[in-house]
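Residue numbers start from 1 in every chain, and the chains themselves are labelled A, B, ... in the order their sequence lines are given, proteins ahead of strands. Please read all numbers here as calculations on a predicted model, not as lab measurements.
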Protein chains: 2
Amino acid sequence: MDRTGHPTLQDVSRHAGVSTATVSRCVNDPEKVARKTRERIERAIEELGYTPNFGGRVLASRRSNTIGVVIPTMNNAMFAGALQAVQEVLSDSGKSMLVATSGYDPEQEFRQIRALVGSGADGLLLIGTDRPATTRDYLARRAVPHVLTWCHDPASEAPTVGFDNHEAGKVIAEAAIGLGHRALGIIGGISTDNDRAAGRIEGMRAAVAEAAGGVRIVGVQETRYSLDRGDEAFDRLMARAPIPSVILCGNDVLATGAILRARARGVRVPEDVSITGIDDHDLARVVLPALTTVRVPQRDMGRQAAQVLLERISGAGPVRGRELPLELVWRDSLAAPRQVPPD
Amino acid sequence: MDRTGHPTLQDVSRHAGVSTATVSRCVNDPEKVARKTRERIERAIEELGYTPNFGGRVLASRRSNTIGVVIPTMNNAMFAGALQAVQEVLSDSGKSMLVATSGYDPEQEFRQIRALVGSGADGLLLIGTDRPATTRDYLARRAVPHVLTWCHDPASEAPTVGFDNHEAGKVIAEAAIGLGHRALGIIGGISTDNDRAAGRIEGMRAAVAEAAGGVRIVGVQETRYSLDRGDEAFDRLMARAPIPSVILCGNDVLATGAILRARARGVRVPEDVSITGIDDHDLARVVLPALTTVRVPQRDMGRQAAQVLLERISGAGPVRGRELPLELVWRDSLAAPRQVPPD
DNA sequence: TCGGTTGTTGCAAGCGCTTACATTTTCACA
DNA sequence: TGTGAAAATGTAAGCGCTTGCAACAACCGA
């Protein structure tokens, strides 16, 4: 019995008449124990109601079977959905998931990373590639196995399992340009310390740069991801000439906010102005008009990121990142501009 | 140096010329150490880049400073939002959060609970009051401090921090009845093994039972919480007479699904049929018409539940549950029925 | 029957930390 | 300057488990 009255490995070993080593093996690696012995031990475990002590286990084995995840916020359903997938994979492998949020703040992220590592995390799943040297040094010095997701960069030191945000922005911008839009507005997430938001905007800019014939960006707003911010940014964008004929939003929440605002102001979408999103959030098909957007494979991404992280932790060979495909989803919020404006 | 090359408490103690006990105190309870000594130790910690070993710490102190949360799914933004709040509170108290999901399955929940306890969780936050005796016994036998949320029941053995689901259903049903609706349809979550979904439906039924003048329920559909299921349930409810003049939905996702379906079928909301939700999800204000619903204080609930759990773990006196207020949110999806149908 | 394999089990040394208790130091006050 | 209480520190005994190694048993073919 331990200090709290729970039976210990030792109790089980006595009860079953074997050594503690055998009981330990029976718990962790049953094949290593002869069938008859195993049955005896299992009965003892059952009778005593034994459960392994976590601390002893971690201390002796140097593994906690716990992995940490830091996401910007759980208020974004995209992250939450991916988290769900991560949890499922980990759970299937007998691991538990520690979760923390950074609120898009690099320092907070660093704090949370340290807290998770201090809580025994065997590995870490992080969002995005860019982080301060302090954080990267910490990760390297402590040799914390980690995988980055929600982004993809083959050149990254840590494996990335995700998609190319730059590409996502570019694809949707090209779709708009292809329809004849020449004056584009952008409502993006705040790109400071956020490689995903920045990448999306850059992708949009790149599409414009590559386009022929007077295509230009007439305004860029960066704002926090939230329905209400989409609102305000829309107003600012529509406040002064030249008015964009399409507004490319950094994600579906912003786009939905913009549509809501357009509706309230009597601006018709897509007749007066087209609006696009990125993510393919639930909102995208609920809002009216339904959003034309780029589908981000959140579930798959979460699942695969978790798998890659597990490989990385198990140390089985070099682990490579993976790029996931993006898909343009056509709905109703993007249409050809009313008239092609003169150059 | 430990086996992995990291400095240990012992290294620090040698480096600073003090005993390991003093270093331990300096880390866990700095006031107990004289200033000069503390500074010396802190310098040593800094120079060596020491971080406490989690396993050793848990083993010796019998505390992991980790708490576990089991929710049905993170795909429901309501749970995710609450989780965010829980995480913030825990993080502020230096605790980490383990998260697992049950998929609304009691056995899965039990498995996850065991996994979290096996991962060293000092306490547990669970959703809802009802669970199998097996699970309750386990919790009692292992004496796992736990708090229940998303529900409220002063009679529950474990403290509950949440709202009264029965009341939520009743409030919205009364609102509909008050407007003159007599034929009510219900699309609820699956009430088996789900006291919240069951409570909401019962609340609706209770309102009907208490109402005078031929108010009756003309159909009840139970279905999984998802946009598409709201769809189907709507169809079934509208398929045969008597047709309800209002459909009370168990949550906003179902209600939104129903509205989407109504729109697709050319049924006008609320002119032809009113539709209500519960939760006040983001969808509620995005969907057209915007949902009349009951606001569930997810953030507050998460925050308070976490606080109560921390109290419970610290063992400071008897811990009482808390009930949080509900608020009816009037929007556009609920209106008086076209004509009061003859009794 | 014997040596060699293969399969099982036990021995025992920690893993790195906390903490009750003992000891030493400090300091206010007489 | 002496005294006692309070403050600071040290001593050392584990916490419950894993695991490398050694010991032993069972079984094989020669």
Next on the checklist: Over 60° means perpendicular and under 30° means parallel, so tell me whether A:Phe110 and A:Tyr138 are parallel, tilted or perpendicular.
Outcome noted: perpendicular
Next on the checklist: Once ring pair (Phe, Tyr, Trp, His ring centres under 6.0 Å) is applied, what residue pairs with a partner in residues 11-33 of chain A remain, sequence neighbours excluded?
Outcome noted: none
Item to check | Nucleic acid contacts of residues 30-41 of chain A, taken as heavy-atom distances under 4.0 Å to DNA chain D | outcome: none
Checklist entry - Parallel, tilted or perpendicular: which fits the ring planes of A:Phe163 and A:Trp150, with parallel below 30° and perpendicular above 60°? => result perpendicular
Next on the checklist: Side chains of B:Gln84 and B:Glu88: any donor to acceptor distance under 3.5 Å?
Outcome noted: yes
Checklist entry - Side-chain N or O of B:Ser61 less than 4.0 angstrom from OP1 or OP2 on C:dT18? => result no
Checklist entry - Expressed in angstrom and rounded to an integer, what is the separation of B:Arg63 atom CZ from C:dC17 atom P? => result 15 Å
Checklist outcome for this item: Whole-Å distance, A:Asn53 CG to C:dC17 P, equals 17 Å
Checklist entry - Looking at residues at least two apart in the chain, or sitting in another chain, which of them share a salt bridge (Lys or Arg N to Asp or Glu O under 4.0 Å) with A:Glu39? => result A:Arg35
Checklist entry - D:dC15 C1' sits how many Å from A:Leu59 CG, rounded? => result 9 Å
Checklist outcome for this item: Between B:Ser96 and B:Leu90, the two heavy atoms sitting closest are O-CD1, 4.5 Å
Item to check | Proximity to the side chain of B:Thr22 - top-ranked nucleotide from C:dT19, D:dG10, D:dC17 | outcome: D:dG10
Checklist entry - The side chain of A:Arg25 lies closest to which of these nucleotides: C:dT18, C:dG10, C:dC15? => result C:dG10
Checklist entry - Looking at residues at least two apart in the chain, or sitting in another chain, which of them share a salt bridge (Lys or Arg N to Asp or Glu O under 4.0 Å) with A:Arg40? => result none
Item to check | Minimum heavy-atom distance between B:His152 and B:Gly321, given as atom pair plus value | outcome: CE1-C, 4.3 Å
Checklist entry - Out of C:dC17, D:dG10, C:dA12, which has the shortest distance to the side chain of B:Thr8? => result C:dC17
Next on the checklist: Just to be sure I understand the rule, does B:Val18 reach a base, reach only the sugar-phosphate, or reach nothing, if contact means heavy atoms closer than 4.0 Å?
Outcome noted: sugar-phosphate
Checklist outcome for this item: note: B:Gln10, atom CD; D:dG10, atom P; distance rounded to Å ~ 13 Å
Next on the checklist: Under the ring pair (Phe, Tyr, Trp, His ring centres under 6.0 Å) definition, can you give me all pairs with a residue in residues 87-106 of chain A, not counting sequence neighbours?
Outcome noted: none
Checklist outcome for this item: Residues B:Val144 and B:Gly123: closest non-hydrogen pair is CG1-CA, 4.4 Å
Item to check | Short side-chain N/O contact to C:dC17 OP1/OP2 from B:Thr20, under 4.0 Å | outcome: no
Item to check | Spacing between A:Phe54 atom CZ and C:dC17 atom P, to the nearest angstrom | outcome: 16 Å
Next on the checklist: With a 4.0 Å limit, can you tell me whether B:Asn28 has a side-chain N or O closer than that to the phosphate oxygens OP1/OP2 of C:dT18?
Outcome noted: yes
Next on the checklist: Nearest to the side chain of A:Ala21, heavy atoms from C-beta on, is which of D:dA12, C:dC17, C:dG10?
Outcome noted: C:dG10
Listed pairs, N/O of protein and of nucleotides 22-29 of chain C, under 3.5 Å:
none

Checklist entry - Within this structure, what is the CG-to-C1' distance between A:Leu9 and C:dC11, rounded to whole angstrom? => result 15 Å
Item to check | Nucleotide nearest B:Ala60 when distance is taken to its side chain, options C:dG10, D:dG10, D:dC15 | outcome: D:dC15
Checklist entry - Can you tell me how far C1' of D:dT18 sits from CG of A:Asn65, to the nearest Å? => result 13 Å
Next on the checklist: Expressed as a whole number of angstroms, how long is the span from A:Arg14:CZ to D:dC17:P?
Outcome noted: 12 Å
